[in-house]
Amino acid sequence: MTEKSVRLHADDIESPIDLPVYSGTLGNDVVDVRGLTANGYFTYDPGFVSTASCESKITYIDGANGVLLHRGYPIEVLAEKSEYLETCYLLLHGELPSKSQYEQFQTLITNHTMVHEAIARFFRGFHHDSHPMAIMCGAVGALSAFYHDSLDISNAEHRLISAHRLVAKMPTLAAMCYKHHIGQPFMYPDNMLSYSENFLRMMFGTPCEDYKVNPVLASAMDKIFLLHADHEQNASTSTVRLAGSSGANPFACVAAGIATLWGPAHGGANEAVLAMLEEIGDESNIDKFIAKAKDKNDPFRLMGFGHRVYKNFDPRAKVMKQTCDEVLTELGLENDPLLKIAKRLEKIALEDEYFIQKKLYPNVDFYSGIIMKAIGIPTEMFTVIFATGRTIGWIAHWHEMVSEGFKIGRPRQLYTGYAQREYVKLEKR
Ligand code: SDX
């Protein structure tokens, strides 16, 4: 990192404070504010809108220009030329694999897709209509109970095998959530299938007959996983890093990430988009909902729109929209009413002064739900799919942080509570 500096003048200190400025490969320079504390200051940045929490080489986002790079490769290129598991290798190891490296990685992941039989008993403890994200928080956190042999985070081999286990087992656990929900038997993974084909078979196959994977749907599923793989220091990834900074095991850290992703402002938005489209119900109601979204006194927000970083089109949304058209055409659903509402809503919003002025564009969640619904995935499973795809991002950031050394994350605060005061006895209050 090249070093410049900024000079901070403050009324109540004699000499100005010089703070180093670092430049990365791309993006904003950062001011190293660690020197402030010795001079009696903290920085103040609720929501971390202006805070760089770490140094990373994994993903770069240029929100103003709608750019998303994974290890330098644009998301549009990876979506067109790569596949999810190859992108997992890239995110974890930093380079695209050679043919032999990729074959070895695929075999490695495939051979870790089964979960311990005892985990199946967990699911029986949940009511059939438990939200699958609640089950995933529990099941993924509990994985660490089965792998005492590889929880030493200071051991590089343990770190990697935990990363492989998590990427491999998430689709299996996700499909188990769905099967438990509908009362069907769990399907074991089929090692002859690709990652996404295997997931669709575990979701929709039954022991009663062979399941024929539709290649268009398998390709769409793979794109959904790939487009959700990683996204810099978003809320859930930052949670995984913070949990990991205490030395917690990777399964516990990813469980914390799953819990964070669940929120409707984050990964829960795809489920909320479908609920919103169903609530709108007809194109004639769109204007009413646009007005609600613009009304400061109405908490309603247009789900699937807006982003903390993208103030231009989310490049993932463009690919997702194209995939949506492909899937609905394949399934003969081109006239799907929800798709028609979504496309009309997008058109109206993109022409509306409020959305233009606030730079609110469709994000990754706007079209993904329509694809998943068309594939037959129930709405409450949408965020589970997001978590499955994002697991590689979470564990790649965890692996980068633990491999390169870390301090426990411990932010401070602006305290506005009482100064010290005397305790008054009960009888005198
Ligand atoms: C994801 O961080 C990531 O990278 C996340 C993610 C990832 O891959 O990990 O990209 C995945 O979480 C995508 C976002 C999914 N969430 C939604 O679609 C929910 C709807 N969107 C909003 O809740 C909101 O846009 C956020 C949460 C996404 C971003 O919120 P910010 O950055 O905190 O922006 P903000 O709330 O300060 O909004 C700025 C202004 C506000 O108006 P003012 O207070 O300035 O008058 O824009 C308005 C907001 O009211 N606004 C919206 C809006 N989003 C923002 N108004 C109506 N509808 C919306 N969707």
Side-chain angles (χ1 to χ4, degrees), residues 45-53 56 58-64 66-70 75 79 87 91 133 224-241 257-277 280 286 288-320 342 345-346 348-350 352-370 382-383 385-394 396-397:
D45 183 19
F48 305 121
V49 178
S50 307
T51 293
S53 62
S56 180
I58 298 173
T59 288
Y60 173 70
I61 302 173
D62 174 348
V67 172
L68 169 56
L69 305 178
H70 289 323
I75 190 67
T87 300
L91 287 167
M133 283 298 279
I224 287 175
F225 286 142
L226 191 153
L227 292 170
H228 287 89
D230 187 49
H231 214 239
E232 198 211 64
Q233 305 309 326
N234 60 85
S236 53
T237 300
S238 297
T239 300
V240 171
R241 278 181 173 262
I258 292 172
T260 306
L261 187 74
W262 196 357
H266 191 10
N270 49 25
E271 184 174 347
V273 166
L274 252 290
M276 176 187 72
L277 294 175
I280 292 174
I286 288 176
K288 183 177 73 176
F289 280 83
I290 294 272
K292 278 170 62 71
K294 292 157 60 174
D295 179 356
K296 292 308 296 167
N297 300 316
D298 189 327
F300 174 78
R301 288 194 163 180
L302 216 48
M303 301 317 281
F305 267 77
H307 198 277
R308 170 62 57 80
V309 178
Y310 289 122
K311 299 310 171 190
N312 193 318
F313 231 90
D314 180 337
R316 303 168 297 175
K318 284 185 179 173
V319 181
M320 202 67 90
L345 181 62
E346 178 189 17
I348 294 173
L350 291 180
D352 184 288
E353 191 45 43
Y354 172 91
F355 291 86
I356 294 168
Q357 188 261 324
K358 293 189 187 293
K359 302 183 188 303
L360 301 175
Y361 293 87
N363 57 48
V364 67
D365 292 305
F366 189 63
Y367 283 103
S368 58
I370 298 171
F382 288 2
T383 311
I385 306 296
F386 190 151
T388 302
R390 181 55 55 87
T391 294
I392 184 57
W394 289 330
H397 280 274

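Counting begins at 1 with the first residue of the sequence. Indexing begins at 1, ligand by ligand and atom by atom, following the structure's order. Values below: all heavy atoms of this structure, side chains included; hydrogens, waters and symmetry mates excluded. As the structure is a prediction and not an experimental result, all values here were calculated from the model.
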Chemist: As a test of the contact definition, would atom 37 (O) of ligand 1 count as having a protein heavy-atom neighbour under 4.0 Å?
Modeler: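 Flag for atom 37 (O) of ligand 1 set to false, no protein heavy atom closer than 4.0 Å.
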Chemist: For ligand 1, which atoms have a heavy atom of Gly304 less than 4.0 angstrom away?
Modeler: 17 (C), 18 (O)
Chemist: If you scan the protein for heavy atoms around atom 17 (C) of ligand 1, do you find one that is closer than 4.0 Å?
Modeler: yes
Chemist: Is the side chain of Thr59 donor-acceptor paired with the backbone N or O of His231 at a distance under 3.5 Å, no angle test?
Modeler: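 Not confirmed, Thr59 side chain does not pair with His231 backbone.
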Chemist: How far is atom 14 (C) of ligand 1 from its nearest protein heavy atom, and which residue and atom name does that atom have?
Modeler: Asn363 ND2, 3.5 Å
Chemist: Test your reading of the structure: does Ala269 have an N or O sitting under 3.5 Å from an N or O of ligand 1?
Modeler: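 Ala269 vs ligand 1: no N/O contact under 3.5 Å.
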Chemist: Numbering the atoms of ligand 1 from 1, which are under 4.0 Å from a heavy atom of Tyr354?
Modeler: 48 (C), 50 (O), 52 (C), 56 (N), 57 (C)
Chemist: Quick one: which ligand 1 atoms are inside 4.0 Å of a heavy atom on Ala265?
Modeler: 12 (O), 14 (C), 15 (C), 16 (N), 27 (C)
Chemist: Using a 4.0 Å cut-off to any heavy atom of Ala293, which atoms of ligand 1 qualify?
Modeler: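 That gives atoms 56 (N), 57 (C) of ligand 1.
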Chemist: Donor-acceptor pairs under 3.5 angstrom involving side-chain atoms of residues 294-309: please list them, not counting sequence neighbours.
Modeler:
from	atom 1	to	atom 2	distance (Å)
Lys294	NZ	Asp352	OD1	3.3
Lys294	NZ	Asp352	OD2	2.7
Asp295	OD1	Asn297	N	2.8
Asp298	OD1	Phe300	N	2.8
Asp298	OD2	Lys292	NZ	3.0
His307	ND1	Val309	N	2.9
His307	ND1	Tyr310	N	3.2
Arg308	NH1	Gly47	O	3.0

Chemist: If the condition is side-chain contact (heavy atoms from CB on, under 4.5 Å), which residues does Glu353 pass it with, not counting sequence neighbours?
Modeler: Ile356, Gln357
Chemist: Show the atoms of ligand 1 that are less than 4.0 angstrom away from any heavy atom in Arg308.
Modeler: 29 (C), 31 (P), 32 (O), 33 (O)
Chemist: For ligand 1, which atoms sit closer than 4.0 Å to a heavy atom of Gly306?
Modeler: 25 (O), 28 (C)
Chemist: Using atom types as modelled and distance alone, determine if a side-chain donor or acceptor of Thr239 lies under 3.5 Å from a backbone N or O of Ala235.
Modeler: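 Looks like yes, one N/O pair under 3.5 Å.
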